[in-house]
Novice: 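Supplied in structure tokens, the structure appears directly below.
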Amino acid sequence: MKAIAVFPAHREVKLIEQEEPVITQPNQVKLRMVEVGICGTDKEICSFAYGTPPAGSDYLVIGHEALGEVVEVGAAVTHLTPGDLVVPTVRRPCPHEHCRSCRAGHQDFCETDDCTERGIKGAHGYLAEFVVDKARYLHPVPRHLREIAVLVEPLTIAEKAEYQLYPLMQRRPPWIDPEVSERAQGRGHTALVLGAGPVGLLGAMALRAREFETFIYSRQQAPDPRIEVAQAIGASYLSSQELPTSQLTARVGPIDLVYEAAGHSLLAFEVLRALGPNGIYVLTGVPGWQTLIEADLAALFREMVLKNQVVFGTVNAGPHDFSAAISDLEIFHQRWPDAVRALLAERTPIEQAVERILGRPAGMKSVISFRA
Ligand code: BGC
């Protein structure tokens, strides 16, 4: 079968032929892969700046934003049957007894960093025609979401952020109104999304679905399909080329929440200076190595203390976040079908995957499709 692999020692990315995997344990499931999305992490792996092959292998099969169809199940698998569509989680637990998070099934909060990530770190990924995985890592997706379900994994980033956000919002009584349903907890609050890539736009959809007044701040200028998506979901778009960070507060008012999805440290830092009183700042982008940033940390810390601000980083996602992403994608699909579809303008067959990953993306998100 075909797969896309990175050979870090030879600095090569190529289509390879591999043996089709087989079920060897009763709790396993065999999947025929349907689609795999490509993100910045894949690009970094393919430029040899990130990613680790499994122990004993000189290559890593990439791909972690996956959608597969069940073709066979092991004898102990009860919740899946052939024909089901599933999205796998990315991370697998570390082996250490003392890692409380992994032992509790929350490897997205692994304490040792010895967890593996399929397609990223120490385990082959999903950019292969067939994959075998344990049933407990597979989340069923309704068939009518097939065309957009490859967005589940990137949406889990926003879901995990939100999972952590609500307890933080509760520290300040008026944020959480018991009279208002959880779905509308953003009402009356301003959120700023940094970056208009798929993670930023999906995060903005999640915020709009919770009724946050949402602004997206990114470098694109009109006309641009990202700006059209922003408008379609009821968010306001601000171009960083037209509005400097120093004028953000004057333009949008006090910022209650920043959802950073740009992976650009200098921009992230400048926008942190614009965070409002009692504000919460969520960092999701993994910045590459950038030039040294000079900053007045004393002034920053002083502001953070005097304004009760919270900054937190979040990576990966747990089972709860995958279920939440599947439910939310259903909502987005009902409310903004064209905007969701616009993120996935084009599909690339596996034979052209390497050119697509190394070259220019197809639309907002590149998707490799195994459809015949
Ligand atoms: C993936 C996460 C992963 C992170 C760090 C992201 O692109 O979506 O699952 O934990 O990279 O490797």
Side-chain angles (χ1 to χ4, degrees), residues 4 6 8 35-54 60-68 86-94 99 101-102 105-127 131 133 137-139 149-164 194-195 197-203 206 259-265 268 282-289 312-326 328-329 343-344 357 361 364-368:
I4 302 296
V6 174
E35 290 188 333
V36 176
I38 301 300
C39 74
T41 301
D42 299 303
K43 292 222 163 217
E44 273 205 359
I45 296 172
C46 291
S47 64
F48 321 106
Y50 195 55
T52 317
L60 170 73
V61 173
I62 61 166
H64 61 277
E65 296 185 357
L67 173 67
V86 292
V87 172
T89 53
V90 179
R91 200 174 269 192
R92 301 293 175 265
C94 77
C99 179
S101 304
C102 286
H106 248 300
Q107 49 271 19
D108 56 314
F109 284 100
C110 177
E111 293 158 32
T112 69
D113 205 28
D114 285 339
C115 54
T116 53
E117 291 186 334
R118 290 203 68 163
I120 301 177
K121 184 182 164 222
H124 289 313
Y126 299 97
L127 209 30
V131 167
D133 214 335
Y137 299 125
L138 303 174
H139 293 267
V150 72
L151 294 173
V152 167
E153 197 278 341
L155 177 56
T156 60
I157 297 168
E159 301 295 347
K160 179 172 173 181
E162 194 185 304
Y163 182 69
Q164 298 167 84
L194 274 193
V199 172
L201 292 174
L202 288 166
Y259 181 75
E260 182 280 329
H264 190 290
S265 305
V282 189
L283 289 158
T284 80
V286 185
W289 302 113
F312 71 90
T314 182
V315 70
N316 199 257
H320 164 276
D321 309 311
F322 274 79
S323 307
I326 294 165
D328 255 350
L329 201 60
L343 299 180
L344 306 166
I357 297 165
M364 282 176 255
K365 167 155 290 293
S366 297
V367 176
I368 310 302

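Whatever order the structure lists them in is the order used to number ligands and atoms, beginning at 1. Just so you know, residue 1 is the first one in the sequence shown, and it goes up from there. Values in this document were obtained by computation on a predicted structure and should not be read as measured data.
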Novice: Atom 2 (C) of ligand 1: which protein heavy atom is closest, and how many Å away?
Specialist: N316 ND2, 3.8 Å

Novice: To which protein heavy atom is atom 5 (C) of ligand 1 closest, and what is the distance rounded to 0.1 Å?
Specialist: Y50 OH, 3.3 Å

Novice: Does any non-hydrogen side-chain atom of V131 lie less than 4.5 Å from one of R118?
Specialist: yes

Novice: Within the structure provided, determine whether V286 and T41 are in side-chain contact (heavy-atom separation under 4.5 Å).
Specialist: no

Novice: Using the six-membered ring wherever Trp is involved, compare the ring planes of Y163 and H320 and label them parallel, tilted or perpendicular (cut-offs 30° and 60°).
Specialist: tilted

Novice: Heavy atoms only: give me the nearest D133-P88 pair and the separation to one decimal.
Specialist: OD2-CB, 4.0 Å

Novice: So which bit of E117 gets within less than 4.0 Å of ligand 1, heavy atoms only: side chain, backbone, both or neither?
Specialist: side chain

Novice: Under 4.0 Å from a heavy atom of V90: give me the atoms of ligand 1 that qualify, with their elements.
Specialist: 9 (O)

Novice: Can you find a heavy atom in the side chain of Y137 that is under 4.5 Å from one in the side chain of Q107?
Specialist: yes

Novice: Taking 4.0 angstrom as the limit and counting only heavy atoms of V315, give me the atoms of ligand 1 inside it, by number and element.
Specialist: 4 (C), 5 (C), 10 (O)

Novice: Suppose we measure from atom 6 (C) of ligand 1 to each protein heavy atom; which comes out shortest, and what is that distance?
Specialist: T41 OG1, 3.5 Å

Novice: Considering only heavy atoms from C-beta outward, does the side chain of I4 approach that of V36 to under 4.5 Å?
Specialist: no

Novice: Measuring from the heavy atoms of E153, does anything fall under 4.0 Å of ligand 1?
Specialist: yes

Novice: Between E65 and ligand 1, which residue portion shows a heavy-atom distance shorter than 4.0 Å: side chain, backbone, both, or neither?
Specialist: neither

Novice: Do me a favour and list the nearest non-hydrogen protein atom to atom 1 (C) of ligand 1 with residue, atom name and distance?
Specialist: H64 NE2, 3.6 Å

Novice: Would you say E162 and Y259 make side-chain contact, with heavy atoms under 4.5 Å?
Specialist: no

